[in-house]
Participant: 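Attaching a single structure in structure tokens format; questions to follow.
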Amino acid sequence: MVRMFCHDLHSHSTASDGTLEPALLVARAQAAGVDVLALTDHDTLDGYAAAERAAVATGLQLVAGVEISVSWCNQTIHVLGLNVDPRCAVLLQGLDGLLAFRDWRAGEIARKLAATGIDGALEGAARYRQGRILSRTHFAHYLVEKGRSPSVREVFRHFLVKGKPGYVRGEWADLETALGWINAAGGIAVIAHPARYRLTRSKLARLIGEFREAGGLGIEVVSGSHSRDETLHMAAVSREHRLLASAGSDYHGPHNPWVELGRLRELPPGCRPVWRAPDWPVAA
Ligand code: AMP
Ligand code: MN
Ligand code: MN
Ligand code: MN
């Protein structure tokens with residue numbers, strides 16, 4: 001019998017808000033039985049070169065990817081670019097613009113937290129960052145360190161989301177712009193963890209319509225943050241809208257025991273896997 005390759009097409013390293021260095025992420029993926037891993041750090045490809053060096057040594061197939069932050073209808077949507085050219089100047093310049101917004105936003109978050117009596121958040125969060133990306137996750141670690149909340153999850157709930165004292169509205173790329181970068185880099189655009197946005201049926205259809213119009217091809221059906229029912233729902237959505245179906249853990253590191261590399265549900269029947277796309281780099 002031919003064994004199916006294990007694909008995990010969504011993961012983070014220390015280049016964004018993951019806690020494993022790219023080489024360690026690759027080693028862990030291989031140990032977990034992953035055959036094809038996409039590194040999809042938030043708004044950066046900085047981790048790719050180190051991951052690639054590690055992958056060559058292990059035989060694991062690495063896919064260059066990125067998870068782009070997009071502002072759409074007053075909310076943040078994440079779009080994966082899979083199999084992008086990691087040297088594409090259009091993509092890299094676009095991502096640099098998001099990095100600049102992140103740096104500005106970090107100052108604003110720190111200023112707002114200071115107004116509620118939490119000092120030193122900018123320096124504190126920066127101590128947790130290991131690459132160029134400064135994420136809300138890094139602020140969350142600092143607030144846990146300061147004893148403001150017992151866990152990262154609680155910090156998000158009480159400080160870092162809409163309506164809370166440390167919230168700053170995202171001003172990320174628009175959908176069309178982000179897809180332009182991914183397409184310029186020869187990648188396949190995939191809507192990440194669609195069930196997380198809590199969109200109504202009609203709003204999800206509208207997002208998919210605009211996404212397709214801009215050249216988007218795929219949707220993440222299996223995700224570390226989808227329940228079984230959400231997976232089945234998104235499988236139906238992928239079939240209805242003729243989108244390629246992707247699968248990824250959204251792994252951020254061993255600190256979250258609920259999510260492990262390669263430990264994913266099967267794609268439900270009738271889905272067309274993204275790794276069967278004609279220009280997919282690895283034989284599946
Ligand atoms: P940012 O892109 O800097 O706004 O941060 C977004 C990241 O924060 C996401 O990619 C998640 O890794 C993390 N995150 C968002 N919401 C939560 C939450 N409720 N609990 C834990 N982590 C979260
Ligand atoms: Mn993240
Ligand atoms: Mn995401
Ligand atoms: Mn992610």
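Note that the coordinates shown come from a computational prediction; the quantities given were computed from them, not determined experimentally. Every heavy atom of this structure was used, including side-chain atoms; hydrogens, water molecules and symmetry mates were not. Count residues from 1 along the sequence. Counting convention: from 1, in listed order, for ligands and their atoms alike.
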Participant: What residue and heavy atom of the protein are closest to atom 5 (O) of ligand 1, and at what distance?
Facilitator: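 Nearest neighbour among protein heavy atoms for atom 5 (O) of ligand 1, to 0.1 Å: Ser135 OG, 3.5 Å.
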Participant: Considering heavy atoms of the protein only, find what lies nearest to atom 21 (C) of ligand 1 and give residue, atom and distance to 0.1 Å.
Facilitator: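 Nearest neighbour among protein heavy atoms for atom 21 (C) of ligand 1, to 0.1 Å: Phe156 CD1, 3.6 Å.
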Participant: So is there a nitrogen or oxygen of His42 less than 3.5 Å from a nitrogen or oxygen in ligand 1?
Facilitator: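 Yes; the residue has a nitrogen or oxygen that sits under 3.5 Å from a nitrogen or oxygen of the ligand.
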Participant: Under 4.0 Å between a Lys/Arg side-chain N and an Asp/Glu carboxylate O for Glu260 and Arg28?
Facilitator: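 Counted as a salt bridge, because a side-chain N and a carboxylate O are separated by less than 4.0 Å.
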Participant: With the threshold set at under 4.0 angstrom, would you say Arg102 reaches ligand 1 through any of its heavy atoms?
Facilitator: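 Judged by the 4.0 Å heavy-atom criterion, Arg102 does count as contacting ligand 1.
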Participant: Suppose we only count N/O/S atoms under 2.8 Å; would Glu67 qualify as near the Mn ion (ligand 3)?
Facilitator: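 Within the cut-off used here (under 2.8 Å), Glu67 does place an N, O or S atom near the Mn ion (ligand 3).
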Participant: Taking N or O atoms only and a 3.5 Å limit, does Asp17 qualify as a polar contact for ligand 1?
Facilitator: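 Such a contact does occur with ligand 1.
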Participant: Taking the N/O/S atoms of Asp17 one by one, which is nearest to the Mn ion (ligand 2)?
Facilitator: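 For Asp17, the N, O or S atom at the smallest distance from the Mn ion (ligand 2) is OD2.
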Participant: Below 4.0 angstrom from a heavy atom of Thr137, which ligand 1 atoms are there? Numbered from 1 as shown, please.
Facilitator: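 The atoms of ligand 1 under 4.0 Å from a heavy atom of Thr137 are 7 (C), 8 (O), 12 (O), 13 (C).
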Participant: Heavy atoms only, cut-off 4.0 Å: how does Arg105 contact ligand 1, side chain, backbone, both, or neither?
Facilitator: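 Within the 4.0 Å criterion, Arg105 contacts ligand 1 through side-chain atoms alone.
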Participant: Counting only heavy atoms, which portion of His252 has something under 4.0 Å from ligand 1: side chain, backbone, both, or neither?
Facilitator: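 It is the side chain that touches ligand 1; the backbone stays farther off.
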Participant: Would you call Glu123 and Arg127 a salt bridge, taking side-chain N to carboxylate O under 4.0 Å as the test?
Facilitator: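 Judged by the 4.0 Å cut-off on N to carboxylate O distance, Glu123 and Arg127 do not form a salt bridge.
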Participant: Does His193 bring an N, O or S atom to within less than 2.8 Å of the Mn ion (ligand 3)?
Facilitator: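 It does: His193 brings an N, O or S atom closer than 2.8 Å to the Mn ion (ligand 3).
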Participant: Say whether, by atom type as modelled, one donor and one acceptor occur between the side chain of Arg265 and the main chain of Thr231 under 3.5 angstrom.
Facilitator: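 No: the side chain of Arg265 does not pair with the backbone of Thr231.
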Participant: Measure the distance from atom 6 (C) of ligand 1 to every protein heavy atom, then report the residue, atom name and distance (to 0.1 Å) of the closest one.
Facilitator: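 I find the closest protein heavy atom is Arg136 NH2, 3.7 Å.
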Participant: Checking Ser71 side chain against Trp172 main chain: does a donor-acceptor pair fall under 3.5 Å?
Facilitator: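 Yes.
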Participant: Quick check: does His252 put an N/O/S atom under 2.8 Å from the Mn ion (ligand 2)?
Facilitator: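 For His252, the answer is yes, given that an N, O or S atom comes within less than 2.8 Å of the Mn ion (ligand 2).
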Participant: Could you check whether any side-chain N or O of Asp8 sits under 3.5 Å from a backbone N or O of Ser249, counting only pairs where one atom can act as donor and the other as acceptor?
Facilitator: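 A pair under 3.5 Å: yes.
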Participant: Looking at His42, which of its N, O or S atoms is the nearest one to the Mn ion (ligand 2)?
Facilitator: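 Answer by atom name: NE2.
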Participant: Does the distance from a Lys or Arg side-chain N to an Asp or Glu carboxylate O, for Arg198 and Glu230, drop under 4.0 Å?
Facilitator: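 Here Arg198 pairs with Glu230 in a salt bridge, since their nearest N and O are under 4.0 Å apart.
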Participant: Do the charged groups of Asp41 and Arg132 touch, with an N to O distance under 4.0 Å?
Facilitator: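 Between Arg132 and Asp41 there is no salt bridge, as every charged N stays at least 4.0 Å from the carboxylate O atoms.
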Participant: Describe, in one word, how the ring planes of His141 and His255 are oriented to each other, choosing from parallel (under 30°), tilted (30 to 60°) and perpendicular (over 60°).
Facilitator: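 Plane angle over 60°, so perpendicular.
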Participant: Keeping His138 on the side-chain end and Ser135 on the backbone end, is there a donor-acceptor pair under 3.5 Å?
Facilitator: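 Checked: pair present.
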Participant: As a test of reading the structure, name the N/O/S atom of His78 that is nearest the Mn ion (ligand 3).
Facilitator: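 Result for His78 and the Mn ion (ligand 3): ND1.
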Participant: For ligand 1, note which part of Val161 has a heavy atom under 4.0 Å away: side chain, backbone, both or neither.
Facilitator: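 The answer is neither; Val161 stays 4.0 Å or more away.
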Participant: Is it the case that ligand 1 has an N or O less than 3.5 angstrom from some N or O of Trp172?
Facilitator: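 No, Trp172 has no N/O under 3.5 Å of an N/O on ligand 1.
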Participant: Indicate yes or no: does Glu154 engage Arg157 in a salt bridge with an N to O separation below 4.0 Å.
Facilitator: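 Yes, Glu154 and Arg157 are salt-bridged.
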Participant: Dump the intermediate steps for ring-ring contact (aromatic ring centres under 6.0 Å, His included) on His42 and His78, then the final yes or no.
Facilitator: CA-CA 9 Å; His42 298 285; His78 287 170; 5.4 Å; yes
Participant: Does an N or O from Arg153, backbone or side chain, lie closer than 3.5 Å to an N or O of ligand 1?
Facilitator: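 It does not: no N or O of Arg153 is found under 3.5 Å from an N or O of ligand 1.
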